[in-house]
Amino acid sequence: MRYSQLLLPTLKETPADAEVVSHQLLLRAGFIRKITSGVYSYLPLGLAAIRNVERIVREEMNNAGAQEVLLPMVQPADLWQESGRWEKYGPELLRFKDRHGRESCLGPTHEEVITDLIRREVHSYRGLPLNLYQIQTKFRDEIRPRFGLMRGREFIMKDGYSFDADEEGANKAYETMHYAYHRVFQRCGLKFRAVEADTGSIGGNFSHEFMVLADTGEDTLVICKKCTYAANMEKATAMPPAAPATQAAPLPLEKKETPGKRKVEAVTEFLGITPKELVKTMVYLADGKPVAVLVRGDHEVQPVKLKNLLGAIEVEMADDKQVFDATGVPTGYLGPIGLKIRVVADREVALMKNFVVGGNEKNFHLLNVNLGRDFEVESVADLRMVTEEDRCPVCGAELNLTRGIEVGHIFKLGKNYSEALNAVFLDNQGQEQHFVMGCYGIGVSRTVAAAIEQNHDKDGIIFPLPIAPFQVIILNLSPNDEAITAAAEQLYNDFRGQGIDVLLDDRDERPGSKFKDADLIGIPFRLMVGKSFAKDGVVEIRRRATGETSALPLAEVVPALAAQIRTELTAAV
Ligand code: ATP
Ligand code: MG
């Protein structure tokens with residue numbers, strides 16, 4: 001492609017409404033433009049990067065035995081009513097009526113549609129296993145669309161679904177996808193980790209998220225410094241707490257005035273104790289009903305763990321008014337003694353003695369409180385977020401908390417959807433069975449954003465070679481010089497002959513602005529045809545990622561670089 005003919009509207013200034021670096025750079029580098037909240041147009045370079053991710057995804061899915069389909073984006077409400085998700089999905093599902101008044105929605109995901117297809121088309125175990133995938137635009141009316149391609153309302157996803165006759169087959173399909181996902185992100189040239197994720201009601205170790213490692217990531221990953229244990233924060237557990245060797249004798253309960261001290265730090269400072277000696281009482285609404293959760297003063301509740309314990313569909317923290325309505329106590333002074341709502345405790349709390357809690361009265365706390373003697377709880381479980389003080393639940397080594405961006409998610413669905421939609425086949429005994437399913441997603445457009453979050457510097461994007469919109473950019477630094485222009489053109493044609501994606505900057509611009517734009521759009525290899533060529537017949541080659549520069553005689557450039565690119569692309573597999 002010639003730069004002079006390309007729609008590549010780069011910007012000098014960072015757009016004010018872009019908070020994260022990938023969003024800023026995608027706009028500045030002319031890759032995307034916003035139409036409305038969470039909805040973007042992909043310009044030629046943005047689309048080229050997306051297509052590269054898609055190509056890798058397709059190759060790996062096909063290699064793993066999956067077949068590509070394309071399912072409708074508009075879906076009828078009846079299917080969602082059958083699965084029960086028409087009610088459950090909430091406002092993220094964009095619903096509308098067609099001209100006949102039929103309720104419909106835009107597909108945020110396709111479990112219903114694919115299960116419907118398979119229940120109609122596959123009737124025997126002989127048609128199994130099956131693994132189908134598509135790459136398609138999804139729509140989710142996200143509550144907070146933000147960060148450009150990271151969390152759009154309209155975005156491109158690869159979603160795949162496996163159908164098996166039994167658990168064993170489904171587990172095998174899961175492992176195959178796990179491996180294929182590793183290859184996908186490795187081939188994209190990204191630093192990533194697969195982490196265990198929450199399986200909700202399915203249970204078992206059958207949900208993994210693939211996380212691109214980046215300090216700016218929204219998710220926290222818990223990674224063992226020694227063994228292979230890695231989980232996301234929702235799922236991560238710590239080594240269970242050990243009971244203290246000597247049990248402190250319970251002391252008499254004491255009521256203490258703590259005027260205006262509501263926050264953990266304020267209370268503990270006032271009492272001259274550490275947060276580890278205090279128990280916080282946090283109120284959550286589980287499907288609208290209040291539940292008090294007790295955690296140590298220095299710990300935080302993990303809502304997904306709470307949700308699983310309670311078997312709730314949705315859990316959210318209560319605000320001050322909701323807390324007061326449920327308990328009659330202002331926030332900051334809440335405690336478990338005499339509380340009229342359900343109370344559950346983190347397992348750490350069960351081992352504490354003589355701790356401090358709120359007095360259920362404004363400006364009062366209680367000292368020397370003991371579980372069992374002073375109050376009871378409905379259940380004790382692991383309900384908190386892991387911290388860096390914790391130890392690995394598998395090997396006991398130290399844990400690392402690091403940030404990541406979820407780019408893929410694989411999940412064993414079991415028979416959830418096949419039972420809801422009554423999707424059955426006849427097994428080899430002639431018995432009706434429900435399909436055992438799995439689902440597998442990759443955020444294709446988010447992967448491009450995540451690649452930029454992970455790989456950039458102050459000058460712009462540093463694309464990993466496999467997903468760069470162009471692998472090579474040639475800068476013609478004197479478009480008015482015949483010899484230089486002829487050399488640049490020759491390089492351009494020879495690279496194209498080699499099947500290399502190459503961009504020729506043939507614009508009538510000053511070298512400085514060509515350098516700037518090349519850095520901004522992040523093309524891995526920059527070739528400069530200018531003074532050195534006129535003087536010594538050499539072309540300078542600069543690697544975007546490292547800044548390393550070398551020079552080669554014109555005739556050697558294409559063979560050497562084409563070979564290097566091929567080697568690097570195959571080495572990534
Ligand atoms: P998140 O927790 O980030 O909302 P999710 O759990 O809703 O993600 P899935 O339903 O598992 O996501 O979708 C599969 C993949 O699609 C995700 O791993 C992610 O990479 C991508 N994805 C999900 N929502 C968005 C979005 N709003 N914008 C861009 N990509 C998305
Ligand atoms: Mg989501």
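Numbering of ligands and ligand atoms starts at 1, following listing order.
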Check: Side chain or backbone of E406 under 4.0 Å from ligand 1, or both, or neither, by non-hydrogen atoms?
Finding: both
Next item on the list: Count the heavy atoms belonging to other residues, nucleotides or ligands that lie under 6.0 Å from NZ of K289, then report whether that count exceeds 12.
Entry: no
Note to self: Quick check on E218 - does any of its heavy atoms sit under 4.0 Å from an atom of ligand 1?
What the structure shows: no
Check: Between Y229 and K235, which heavy-atom pair has the shortest distance, and what is it?
Finding: OH-O, 4.5 Å
Item checked: E19 bridged to R144 by N-O distance under 4.0 Å -> no
Note to self: Quick check on contacts: which atoms of ligand 1 are under 4.0 angstrom from a heavy atom of V407?
What the structure shows: 18 (O), 20 (O)
Margin query: I need the contact type for T447 against ligand 1. Using non-hydrogen atoms and a strict under-4.0 Å cut-off, is it side chain, backbone, both or neither?
Written below: neither
Check: Any idea which of M157, H409, R144 brings a heavy atom closest to atom 13 (O) of ligand 1?
Finding: M157
Checklist line | Sub-4.0 Å heavy-atom contact, L149 with ligand 1 | finding: yes
Check: For ligand 1, which part of E142 has a heavy atom less than 4.0 Å away: the side chain, the backbone, both, or neither?
Finding: side chain
Next item on the list: Specify side chain, backbone, both or neither for K138, according to which of its non-hydrogen atoms lie closer than 4.0 Å to ligand 1.
Entry: neither
Item checked: Lys/Arg N to Asp/Glu carboxylate O, D457 vs R544, below 4.0 Å -> yes
Notebook entry, point to check: Any ion pair linking K307 and E234 (charged N to carboxylate O, less than 4.0 Å)?
Noted result: no
Checklist line | Option of least heavy-atom distance to atom 24 (N) of ligand 1 (set: Y440, F210, F155) | finding: F155
Margin query: If the cut-off is 4.0 Å to any non-hydrogen atom of R140, which atoms of ligand 1 fall inside it?
Written below: 5 (P), 7 (O), 9 (P), 10 (O), 12 (O), 13 (O), 23 (C), 24 (N)
Checklist line | Straight-line distance of E453 CD to T216 OG1, nearest 0.5 Å | finding: 3.5 Å
Check: Can you list the atoms of ligand 1 that are under 4.0 Å from a heavy atom of R151?
Finding: 1 (P), 3 (O), 4 (O), 26 (C), 27 (N), 28 (N)
Check: Would K280 and H299 satisfy side-chain hydrogen bond (donor to acceptor under 3.5 Å, both in side chains), going step by step from the backbone distance to the final call?
Finding: CA-CA 9 Å; K280 291 193 282 198; H299 286 154; over 6 Å; no
Next item on the list: Could you list the atoms of ligand 1 found under 4.0 angstrom from a heavy atom of R446?
Entry: 3 (O), 19 (C), 20 (O), 22 (N), 23 (C), 24 (N), 25 (C), 26 (C), 29 (C), 30 (N), 31 (C)
Next item on the list: Any ring-ring contact (aromatic ring centres under 6.0 Å, His included) involving residues 38-69? Give me the pairs, sequence neighbours left out, ordered by first then second residue.
Entry: H23-Y40
Next item on the list: Enumerate the atoms of ligand 1 whose separation from the nearest heavy atom of G408 is less than 4.0 angstrom.
Entry: 18 (O)
Pairs of donor and acceptor atoms involving the side chains of residues 44-62, under 3.5 Å and at least two apart or interchain, shall be tabulated with distances.
residue : atom : partner : partner atom : Å
R51     : NH1  : E54     : OE1          : 3.0
R51     : NH1  : E54     : OE2          : 3.2
N52     : OD1  : R55     : NH2          : 3.2
N52     : ND2  : A48     : O            : 3.4
N52     : ND2  : I467    : O            : 3.2
N52     : ND2  : A468    : O            : 2.8
R58     : NE   : E68     : OE1          : 2.8
R58     : NE   : E68     : OE2          : 3.2
R58     : NH2  : E68     : OE2          : 3.0
E59     : OE1  : R187    : NH1          : 3.0
E59     : OE1  : R187    : NH2          : 2.6
E60     : OE1  : R183    : NE           : 2.7
E60     : OE2  : R183    : NE           : 3.4
E60     : OE2  : R183    : NH2          : 3.3
E60     : OE2  : R187    : NH1          : 2.8
N62     : OD1  : Y133    : OH           : 2.7
N62     : ND2  : R58     : O            : 3.4

